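The structure appears below as structure tokens.
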Amino acid sequence: MDLRQQEKRQERRERGREEQPEHGTGGGGVVSGGAFTEAMSRLVSGVAVVSARRGDGRPSGLLVSSVCSYSADPPSVLVALARTSRTCREITTGPDVHFGVHLLARSHAALARTFAGSSGDKFADVLWDWDGTVPRLAGVPVYAKCRTGAVLPHGDHVIVVGEVVGCAVAEDDPLVYFRRRLDWSLGG
């Protein structure tokens, strides 16, 4: 479920009722997908746009909240991508594929919503340029150019370990995702 769908579901819940089920175990003690998604909405995370070059030469990208540092030696990040996404297919097509991970700033909520959606050309009204074969978004506080390393399929997602081959960092407050909302801020 993408971030936009999760935000809409949360808005419906807030309008309808305040209490959530304590747990959502189905038969056999297995937690339901809805209960799991609700529980994980309480995990504070940053958000990132993952970008890649499509086979037809155009840019592709999507918003992810499952991204983290993985290793310092070699420098690597881990991202979880929905199997059904075009960007996932491009990144996992073979060895030595390059992709970008763009950590977003607090001021990038609109950009996040663009990449959370399923519109045809997410790059149409966005400032970006090519970094070799990687679409690079302008003005983001952290950009990592990665080469696809390990690819680990599991469930409806694929975990990709990206070996960082280039990195740029600027100061800015991060965009924080919590309880299906992109408007939280750190601090008091």
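All residue numbers in this chain count up from 1 along the given sequence. Everything quoted here is computed from the prediction, not taken from an experiment.
Applying the 6.0 Å contact sphere to CG of D125 captures no more than 12 heavy atoms from other residues, nucleotides or ligands.
Shortest non-hydrogen contact noted between V67 and A48 is CG1-CB, 4.1 Å. Across all non-hydrogen atoms, the minimal contact from V77 to C146 is CG2-SG, 3.8 Å.
One hydrophobic cluster holds both V142 and L62 under the rule that ILVMFWY side chains link at heavy-atom gaps under 4.5 Å. In the hydrophobic clustering of ILVMFWY residues, with side-chain heavy atoms under 4.5 Å counting as a link, F99 and V151 come out together. Linking ILVMFWY residues whenever their side-chain heavy atoms come closer than 4.5 Å, directly or via other members, places V134 and V126 in the same cluster. Linking ILVMFWY side-chain heavy atoms closer than 4.5 Å, directly or via other members, places I91 and V164 in a single hydrophobic cluster. Connection of V169 to V50 is established within a shared hydrophobic cluster, with ILVMFWY side chains joined at heavy-atom distances below 4.5 Å, either directly or through further cluster members.
In this structure the side chain of V160 reaches within 4.5 angstrom of the side chain of L81, judged on heavy atoms. Considering only heavy atoms from C-beta on, V101 comes within 4.5 Å of V79 through its side chain. Counting heavy atoms from C-beta on, the side chains of V47 and V64 never come closer than 4.5 Å. Between S51 and L137 the shortest side-chain heavy-atom distance does not fall below 4.5 Å.
Listed by chain and number, the residues in a ring pair (Phe, Tyr, Trp, His ring centres under 6.0 Å) with F115 are F123 (sequence neighbours excluded). Under the rule for a side chain to side chain contact (heavy atoms under 4.5 Å, CB included), the partners of A105 that lie at least two apart in sequence or sit in another chain are S107, H108, P141, D172.
Contacts classified as side chain to side chain donor-acceptor pair (under 3.5 Å) and involving residues 88-100 (residues at least two apart or in different chains) are not found. Sorted by first and then second residue, the pairs that involve residues 130-145 and meet side chain to side chain donor-acceptor pair (under 3.5 Å), not counting sequence neighbours, are D131-Y143. Applying the side chain to side chain donor-acceptor pair (under 3.5 Å) test to residues at least two apart or on different chains, the pairs with a partner in residues 68-88 are S60-T87. Counting only residues at least two apart or in different chains, salt bridge (charged side-chain N to carboxylate O under 4.0 Å, His left out) contacts with residues 160-169 comprise R147-E163.
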Walk me through it: do V49 and L104 pass the test side-chain contact (heavy atoms from CB on, under 4.5 Å)?
CA-CA 7 Å; V49 171; L104 301 184; 4.0 Å; yes

